Amino acid sequence: MGVTRRVFLQAAIAATAAGGIGAAETALASPAGAAASPPGDVVGKVTVGYQGWFACIGDSAPIDGWWHWSQNWGQPPSRSNTGITCWPDMREYAHGYRTAYASLGNGQPATLFSSYDQQTVDLHFSWMQQNAIDTAALQRFNPSGQEGPTRDGMAAKVRSSAESHGVKFYIMYDVSNWWQMQSEIKTDWTTKMSAHTSSSAYARQNGKPVVCIWGFGFNDDNHPFSVDACLDVINWFKGQGCYVIGGVPREWRTGGAGTKTGYMDVYHAFNMISPWMVGAIGSAAESDNAYNTYTVGDEADCVAHGMDYQPCVLPGDVSGRQRAHGDFMWRQFYNMCRAGVQGIYISMFDEYNEGNQIAKTAETQASVPTDSGFLALDEDGTFCSSDYYLRLTGDGGRMLKGQIALTAIRPTPPVAGGGDITPPSAPGSLQVTGHSDTTVALAWNAAGDNVGVTGYRIMRVSGSTSTQAGTATGTSFTVTGLSPSTAYTFEVVTTDAAGNLSQPSNQVSVTTDAGSGTIDLALHKPTSESSHTQVYGSGNATDGNPNSYWESASNAFPQWLQVDLQVATGIRRLVLNLPPSTAWGTRTQTLTVLGATEVGTFTTLLSSANCTFDPATGNTATLTLPASVTTRYVRLNFTANTGWPAGQCSGLQIFST
């Protein structure tokens with residue numbers, strides 16, 4: 001499990017005493033710094049750190065655990081097994097995973113999101129787009145260990161969301177505890193991450209792809225890198241044509257307990273410096289002291305050395321009661337902008353572990369598990385909408401860009417547009433009004449609200465998880481795309497204009513009719529993999545496009561490809577395809593078919609078989625199971641390929657008969 005960055009800084013916090021606001025108010029604002037670089041995707045922009053490191057059992061992530069949500073990833077989060085300090089606002093997530101916490105204060109089940117769901121990343125990037133957040137720095141820890149395949153998958157998901165929402169992104173390597181970093185970071189960039197620079201959404205500065213390295217110069221055992229090793233890595237990335245940012249200690253220039261001595265050549269080798277402040281300040285007064293002690297001098301040093309300066313702004317730890325309904329964060333924006341910095345880095349977008357996230361957060365105890373002890377955004381008595389810190393970040397970016405005047409007075413209200421916090425009532429008398437082999441028709445009684453109902457969310461319930469199946473403005477809906485002869489459970493919740501959700505309706509269960517066996521049960525379903533090369537990810541196997549394909553890492557058998565049918569479904573036949581082009585010569589792949597109703601409990605459905613793909617007959621192979629089997633997860637385990645030293649599949653189709 002990754003160690004949070006705050007741990008590295010606690011020993012150094014006491015090294016600088018906090019000054020009072022009065023002293024800072026009388027200090028002369030430094031003139032705007034002369035930027036070493038023109039505006040680009042990081043200079044003149046606001047960047048948010050994006051962890052993307054939350055997973056849940058059952059989400060198909062290779063890590064197969066409650067990644068970063070709990071201390072013991074094999075068990076669901078609970079009060080005695082938690083990795084977070086505050087609770088996300090879950091109202092807009094289409095898919096939630098049931099935890100072991102008690103219900104929320106409003107009676108709804110305590111669910112959490114998975115970053116591995118593409119819907120989650122899409123939602124997060126839509127929030128960035130809506131709030132004029134320019135760029136996301138995707139955190140990438142040591143990819144050689146257990147977390148590597150999941151982090152590889154997250155990079156592809158972030159790329160997709162960034163492209164579709166008009167937000168830039170770049171790779172930010174965190175080298176903490178990465179003992180073979182000097183060689184492995186180069187291999188990772190050349191064999192995996194550099195492929196993403198071809199994306200139209202990949203951030204560029206001065207015409208060069210951006211990469212950040214966080215962790216050089218920190219004075220602790222987790223960063224044991226010599227000056228020579230650090231310079232070698234920085235200069236290597238520059239040699240690859242990259243614009244290189246350094247995530248460095250706050251005392252990089254002044255010296256102090258948090259930084260190693262003799263590293264000034266390392267710091268000055270970067271194109272941009274981004275000092276870390278989480279755990280170092282926690283109030284407006286401490287921000288003012290940091291402005292006088294660090295920011296003004298840092299900016300001048302960067303200008304003198306032809307570097308860009310991107311200091312850190314944080315919203316404050318909810319559990320530490322630091323936020324002061326936005327005043328703490330705005331004071332930092334004001335201090336950075338009056339210093340004339342070249343860019344601002346927000347720590348972080350989704351850091352629920354340390355409570356420093358700007359992503360939507362529980363507003364009141366009504367949206368927090370009753371047994372958790374977590375605080376909500378109203379902890380100081382001021383109600384703040386869940387999107388408040390996203391809106392605050394948007395306004396801070398506008399001040400950085402000169403779109404609003406420099407002001408020490410926070411312009412962003414804690415509540416936008418009236419502040420309705422009353423949830424609507426639950427829909428009544430949910431019932432099934434019809435069904436076919438692939439559809440279920442539902443109807444319910446209208447709900448009420450103090451302001452007005454805006455619609456309904458239809459939720460498909462499976463065990464401890466619920467997934468949004470659709471939305472409706474009226475009191476009926478037909479769920480489509482279901483599997484034949486399969487049992488489903490549904491419930492409906494009400495929404496209002498403020499985003500409040502009701503408690504769920506009653507649940508109804510129904511089994512779809514028997515189908516003809518011609519429906520591809522795997523089409524557009526979520527996938528996962530043991531590995532992939534370049535852009536040939538597992539999603540290509542279920543996208544319906546015969547020319548896109550999954551390809552595993554080379555010379556590394558066994559490799560696997562997996563599809564999540566999302567509910568336990570009766571299956572009998574699998575059809576595998578390779579691209580129909582004659583350029584794909586005849587080859588035989590050896591594989592085994594496995595199945596499971598829960599990840600981690602796979603059984604063999606079909607023993608090792610040789611599948612021959614011949615372009616003369618469509619490059620297709622059919623596998624028929626000995627008998628119909630009910631399963632949710634289907635995994636193909638590849639052990640050989642006569643045509644290429646990797647597993648390959650352009651189409652994984654699954655049928656009930």
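Please read these numbers as outputs of a predicted model, since none were measured by experiment.
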* To do: For the residue pair Thr588 and Asn610, confirm or rule out a side-chain donor-acceptor distance under 3.5 Å.
  => no
* Asked: Is a donor on one side and an acceptor on the other found under 3.5 Å between the side chain of Trp69 and the backbone of Phe113?
  -> yes
* Short question: side chain of Asp59, backbone of Cys56 - any donor-acceptor pair under 3.5 Å? -> yes
* To do: Check whether any side-chain N or O of Ser483 sits under 3.5 Å from a backbone N or O of Thr486 as a donor-acceptor pair, and report yes or no.
  => no
* To do: Please confirm whether the backbone N or O of Gln648 pairs with a side-chain atom of Gln589, one donor and one acceptor, at under 3.5 Å?
  => yes
* **salt bridge (charged side-chain N to carboxylate O under 4.0 Å, His left out) involving Lys192 - partner list, sequence neighbours excluded** => Asp152
* To do: Verify the distance criterion only: is there a donor paired with an acceptor across the side chains of Ser548 and Asp543 at less than 3.5 Å?
  => yes
* **Chi angles and distances behind the salt bridge (Lys or Arg N to Asp or Glu O under 4.0 Å) call for Lys208, Asp41** => CA-CA 10 Å; Lys208 301 177 179 181; Asp41 292 335; over 6 Å; no
* Check side-chain contact (heavy atoms from CB on, under 4.5 Å) between Asp122 and all other residues, then give those that pass, not counting sequence neighbours. => Gln118, Ser161, Ser164, His165
* Is it true that a side-chain atom of Asn81 and a backbone atom of Gln71 form a donor plus acceptor pair closer than 3.5 Å? -> yes
* Indicate whether any N or O donor in one side chain lies under 3.5 Å from an N or O acceptor in the other, for Asp89 and Thr361. => no
* **Audit row: His196, Gln534, side chain to side chain contact (heavy atoms under 4.5 Å, CB included) steps and yes/no** => CA-CA 9 Å; His196 293 297; Gln534 299 180 36; over 6 Å; no
* Please confirm whether Phe225 and Trp178 have ring centers closer than 6.0 angstrom. => no
* To do: Would you check if there is a donor-acceptor pair between the side chains of Asp188 and Tyr173 at a distance under 3.5 Å?
  => yes
* Asked: Distance from Tyr50 atom OH to Met348 atom CE, nearest 0.5 Å?
  -> 11.0 Å
* Could you check if a side-chain atom of Gln653 sits within less than 4.5 angstrom of a side-chain atom of Leu523, using non-hydrogen atoms only? => no
* Asked: For the side chain of Ser608 and the backbone of Thr592, is there at least one donor-acceptor N/O pair under 3.5 Å apart?
  -> no
* Is it true that a side-chain atom of Ser70 and a backbone atom of Gln75 form a donor plus acceptor pair closer than 3.5 Å? -> yes
* Verify the distance criterion only: is there a donor paired with an acceptor across the side chains of Tyr93 and His124 at less than 3.5 Å? => yes
* To do: Determine, stepwise, if the pair Phe54 / Ser114 fulfils side chain to side chain contact (heavy atoms under 4.5 Å, CB included).
  => CA-CA 5 Å; Phe54 294 106; Ser114 168; over 6 Å; no
* Asked: Less than 4.5 Å apart, any side-chain heavy atom of Gln562 and any of Ser538?
  -> no
* Give me the ring orientation class for Trp66 and Tyr97: parallel if the planes are under 30° apart, tilted from 30 to 60°, perpendicular past 60°. => perpendicular
* To do: Please name all residues satisfying side-chain contact (heavy atoms from CB on, under 4.5 Å) with Ser531, sequence neighbours left out, ordered by chain then number.
  => Ser552, Ala553, Gln559
